[in-house]
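Proteins get letters first, then strands, A, B, ... in listed order; numbering begins at 1 in each. The structure displayed is predicted, hence computed values, not measured ones. The figures that follow rest on heavy atoms only: side chains count, while hydrogens, waters and symmetry mates do not.
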Number of protein chains: 2
Amino acid sequence: MQLTISRNSSLDAIFSSLADETRRDILNRVSKKQLSVGEIAKHYKLTFAAISKHLKVLEKASLIIKQRRGKEQIIRISPDALAMANKYLETYEQHWENRLNNLDKLLTGKKS
Amino acid sequence: MQLTISRNSSLDAIFSSLADETRRDILNRVSKKQLSVGEIAKHYKLTFAAISKHLKVLEKASLIIKQRRGKEQIIRISPDALAMANKYLETYEQHWENRLNNLDKLLTGKKS
DNA sequence: ATATTATTCAACTATATGGTTGAATGTAGT
DNA sequence: ACTACATTCAACCATATAGTTGAATAATAT
């Protein structure tokens, strides 16, 4: 089960999306409750257009799903991309835990 | 145990570091074995200086640790920042699992 | 059809990023 | 002190990103 890293533009999109505080904050909001673009925008001092752009970035990374409902666009979180990012990071955590465990064993072994 | 998202420049640095394929690849390499800058650089068609810059980005995000050994600088992975990113993403995964579970319960309940 | 509300697009600006080349620094060996 | 090797710095260029403003589109209500 090897993790292929080469040329993974999804990860590029996901991580660069998450590299912005406003976008992380938006993600946090919509993870709790689906919201229209306007409802999201009113929490920030940015212009409506700026928020719209941020949403576009998040959508492109498949972190959110946009769906029209009447005049409004309803935004909700999409789990897939986050799961992907999570999977990616877990690999390293796992690796590190293994190294620490081995070190621990080594030290414990030497002591007795 | 609330996750504070506001103004978290560490997360900015971590995620924007991870948003680049070369840097993810470097991280992958040094997670397996500590390497000098030169040993890392020779695997890419980029210039030495470019790799040096990427390493600087990773170091600033606390994703790697740089340590001089003789003429060389030895690079190894640092677990802390990755753990932080992981923690961040887990929050959302957890949230989503909860929603799916609830949906499942709801559907199961209706069926009987 | 017109107006109102919600959102996006286009054009533009400023700054950040990723790359290059060539000079500069740090360390070790002679 | 001189040379060689490993790495970084400085200056520069091209492209991407985050923001703005004002016009354009989309859906609903009158």
4.5 Å side-chain heavy-atom contact, A:Ile74 and A:Ser36: yes
Only residue of B:Leu35, B:Leu55, B:Ile77, B:Val57 satisfying side chain to side chain contact (heavy atoms under 4.5 Å, CB included) with B:Ile26 is B:Leu55
In terms of hydrophobic clustering (I, L, V, M, F, W, Y; side-chain heavy atoms under 4.5 Å; direct or indirect links), are B:Leu46 and B:Leu58 co-clustered? yes
Report whether A:Leu27 and A:Met84 are members of the same hydrophobic cluster (ILVMFWY, side-chain heavy atoms less than 4.5 Å apart, transitive linking).
-> yes
Smallest heavy-atom separation, B:Arg23 atom then B:Ser17 atom, equals NE-O, 2.9 Å
When rounded to whole Å, the CG to C1' distance for the pair B:Leu35 and D:dT7 reads 15 Å
From CG of B:Leu55 across to P of D:dT7 the rounded distance in Å is 9 Å
Walking DNA chain D from its 5' end, the first of A:Gly70 and A:Ala50 to be reached, judged by nearest nucleotide, is A:Ala50
Result for 5'-nearest mapping on DNA chain D, choosing between B:Lys53 and B:Phe48, is B:Phe48
*May I ask you to say what A:Ala41 touches in the nucleic acid, namely base, sugar-phosphate or nothing, with a heavy-atom cut-off under 4.0 Å?*
nothing
Review point. Can you tell me if B:Gln73 uses its side chain to pair, donor with acceptor, with the backbone of B:Arg68 under 3.5 Å?
Key: yes
First and last nt of DNA chain C near chain B, cut-off under 4.0 Å to heavy atoms, 5' to 3', are C:dG18 to C:dA28
